[in-house]
Protein chains: 2
Amino acid sequence: MSRIKETSTNFANRQALADNCSEVYASNILGGQWAIVICSCLATGKLRFGELKRLLPNITERMLSLQLRKLEDHKIISRSVYAEVPPRVEYELTDIGYELVPIIKQLEQWGEMHKQYVKKNDCDNVF
Amino acid sequence: MSRIKETSTNFANRQALADNCSEVYASNILGGQWAIVICSCLATGKLRFGELKRLLPNITERMLSLQLRKLEDHKIISRSVYAEVPPRVEYELTDIGYELVPIIKQLEQWGEMHKQYVKKNDCDNVF
DNA sequence: GGACATACTTACATTTTTTATAGTATCCTA
DNA sequence: TAGGATACTATAAAAAATGTAAGTATGTCC
């Protein structure tokens, strides 16, 4: 995470691809270990930071924080802070974020199919 | 690429997530800079190594090779070698690979929408 | 014999992502 | 005064992904 180096070839390649392939643009946004699961969790409604953390047991607070910020920057989720003590912060999918839900569902179905497929065809690699 | 370290926390996290979230499982397979574009290119039919390379101008041979191998390992594409000189190798989506095409199309549409959305809402980050 | 074409592979370097560990601020309760 | 709850942030290190540059094999053409 942190910040991508704008002089790297990697940056240039992504930029170029994302510009003329919207599917790559999308996958740049949804890529990364946790973005998709977070959206999945939020598909059923708003959640607090701590609730998300509990749903994603292995995530570090740093990662959760980074991913949430990234998704927020991309306007996929919104963040509402309530001035209470202890603080309460709620995350929720935006309109465009909700548009993602059916796609994620399809990806999930494809994943299931694929698991069956490779099981039948004797493949052992997972990643 | 190369090989993921099976003792790392990262490995454990992916494994755990992929096991009970098929959408994450899918995104592990399709993640990476080039996997989705390659599938996009192959959506219209089989292509040779060199043809793919020309379609993806900035890709290095190493990356193309790695990604193709990965997709092949996951049974998303098939590889046919013809015993000619110079050699001819053709890549083609498998059945389950073709199932991906509509999903990629939707991702593309979502990407377009998202681009409009952030343009309207004055967001400047791209990644 | 030497250059050309194709489809790679290998060793190494750099960049990007993810994890580990510890700390911050605030108010409430015991 | 200490400890808990919440939502983070800072810094460093490990791991993974990507890029650079060069090399391999084989037969055909000149």
Side-chain angles (χ1 to χ4, degrees), chain A residues 1-17 24 27-38 46-54 56-70 72 79-91 126-127, chain B residues 1-17 24 27-38 46-54 56-70 72 77 79-91 127:
Chain A
M1 226 70 191
S2 70
R3 205 76 199 122
I4 193 168
K5 202 167 182 178
E6 309 203 353
T7 53
S8 70
T9 308
N10 184 278
F11 177 80
N13 280 348
R14 281 206 213 180
Q15 191 87 279
L17 273 177
V24 175
S27 111
N28 277 333
I29 295 178
L30 276 340
Q33 199 81 162
W34 307 96
I36 287 182
V37 221
I38 291 174
K46 54 176 72 167
L47 288 172
R48 302 177 57 174
F49 187 90
E51 291 174 320
L52 277 167
K53 199 179 131 190
R54 252 162 271 134
L56 274 28
N58 302 310
I59 202 170
T60 60
E61 302 197 334
R62 174 176 148 79
M63 262 297 123
L64 182 51
S65 187
L66 282 174
Q67 296 285 337
L68 287 170
R69 190 172 313 286
K70 180 180 168 189
E72 197 196 346
R79 195 176 105 111
S80 317
V81 185
Y82 299 87
E84 305 171 357
V85 171
R88 181 158 63 96
V89 181
E90 288 182 341
Y91 294 94
V126 180
F127 303 131
Chain B
M1 231 66 187
S2 70
R3 208 72 201 127
I4 194 167
K5 201 167 184 177
E6 308 202 354
T7 53
S8 70
T9 309
N10 183 278
F11 177 79
N13 280 349
R14 283 208 211 178
Q15 192 86 280
L17 274 177
V24 176
S27 112
N28 277 334
I29 295 178
L30 275 341
Q33 199 83 160
W34 306 97
I36 287 182
V37 220
I38 292 174
K46 55 175 72 167
L47 288 173
R48 301 178 59 176
F49 187 90
E51 292 174 320
L52 278 167
K53 200 179 132 191
R54 252 162 271 136
L56 275 29
N58 301 310
I59 201 171
T60 60
E61 303 197 332
R62 174 179 144 79
M63 265 297 126
L64 182 52
S65 186
L66 282 173
Q67 295 285 337
L68 287 171
R69 191 172 312 288
K70 181 179 167 190
E72 197 196 344
I77 61 176
R79 194 176 107 111
S80 317
V81 185
Y82 298 87
E84 304 170 2
V85 171
R88 183 160 62 97
V89 182
E90 287 182 341
Y91 295 94
F127 302 133

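Residue numbering restarts at 1 for every chain, and letters A, B, ... go by the order of the sequence lines. The model shown is predicted, which means the values in this text are computed figures rather than measured ones.
- Using a 4.5 Å heavy-atom threshold, the side chains of B:Val37 and B:Ile59 count as separate.
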query = Taking it one step at a time, do A:Ile38 and A:Leu64 satisfy side-chain contact (heavy atoms from CB on, under 4.5 Å)?
reply = CA-CA 9 Å; A:Ile38 291 174; A:Leu64 182 51; 3.9 Å; yes
request  = Take B:Met63 and B:Leu56 through the side-chain contact (heavy atoms from CB on, under 4.5 Å) test and state the conclusion after the steps.
outcome  = CA-CA 11 Å; B:Met63 265 297 126; B:Leu56 275 29; over 6 Å; no
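- As a whole-Å value, the separation of B:Asn10 CG from C:dT16 C1' is 12 Å.
- Checking the phosphate oxygens (OP1, OP2) of D:dG19, a side-chain nitrogen or oxygen of A:Asn13 falls inside 4.0 Å.
- One interatomic measurement links the two molecules: CG of A:Leu66 to P of C:dT18, which rounds to 9 Å at whole-angstrom precision.
- Across the interface with DNA chain C, nearest-nucleotide mapping of B:Ser65 and B:Arg54 shows B:Arg54 to be the residue nearer the 5′ end.
- When distances run from any side-chain atom of A:Phe49 to the nucleotides D:dA7, D:dA15, C:dT19, the shortest one goes to D:dA7.
- In this structure, A:Arg48 places its CZ atom 9 Å from C1' of D:dA5, rounding to the nearest Å.
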message = One character per nucleotide, please: for nucleotides 21-30 of chain C, 5' to 3', B when the base has a protein heavy atom closer than 4.0 Å, S when only the sugar-phosphate does, - otherwise.
response = -----BB---
task = Report the C-alpha distance between A:Asn58 and B:Leu17 in whole Å, list the side-chain angles of each, state the deciding distance to 0.1 Å, and finish with yes or no for side-chain contact (heavy atoms from CB on, under 4.5 Å).
result = CA-CA 9 Å; A:Asn58 302 310; B:Leu17 274 177; over 6 Å; no
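- As judged by a 4.0 angstrom heavy-atom cut-off over every strand, B:Tyr91 is placed among residues touching the sugar-phosphate backbone only.
- Protein atom CE of B:Met63 is 6 Å distant from nucleotide atom C1' of D:dA17, rounded to whole Å.
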request  = Begin with the C-alpha distance, continue with both residues' side-chain angles, and end with the deciding distance and a verdict on side-chain contact (heavy atoms from CB on, under 4.5 Å) for B:Leu66 and B:Trp34.
outcome  = CA-CA 10 Å; B:Leu66 282 173; B:Trp34 306 97; over 6 Å; no
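- Atom C1' of nucleotide D:dA17 and atom CG of A:Leu17 are separated by 15 Å, given to the nearest angstrom.
- Atom pair A:Glu84:CD and D:dA7:C1' shows a separation of 13 Å (rounding to whole Å applied).
- Taking 4.0 angstrom as the limit, B:Gln67 places a side-chain polar atom (N or O) nearer than this to OP1 or OP2 of D:dT18.
- Atom C1' of nucleotide D:dT18 and atom CG of A:Asn28 are separated by 13 Å, given to the nearest angstrom.
- Note on B:Ser8: every side-chain N or O is 4.0 Å or more away from OP1 and OP2 of C:dT19.
- In this structure B:Arg88 satisfies the salt bridge (charged side-chain N to carboxylate O under 4.0 Å, His left out) test together with B:Glu84, B:Glu90, sequence neighbours excluded.
- Among residues two or more places apart in sequence or in another chain, the salt bridge (charged side-chain N to carboxylate O under 4.0 Å, His left out) test is passed with B:Lys53 by B:Glu61.
- Look at CZ on B:Arg69: it is 14 Å from P on C:dA7, rounded to the nearest Å.
- In terms of position along DNA chain C, the nucleotide closest to A:Thr7 lies nearer the 5' end than the nucleotide closest to the other residue of the pair A:Thr7 and A:Gly32.
- Of the listed nucleotides (D:dG19, C:dT17, C:dT19), C:dT19 has the atom at the smallest distance from the side chain of A:Trp34.
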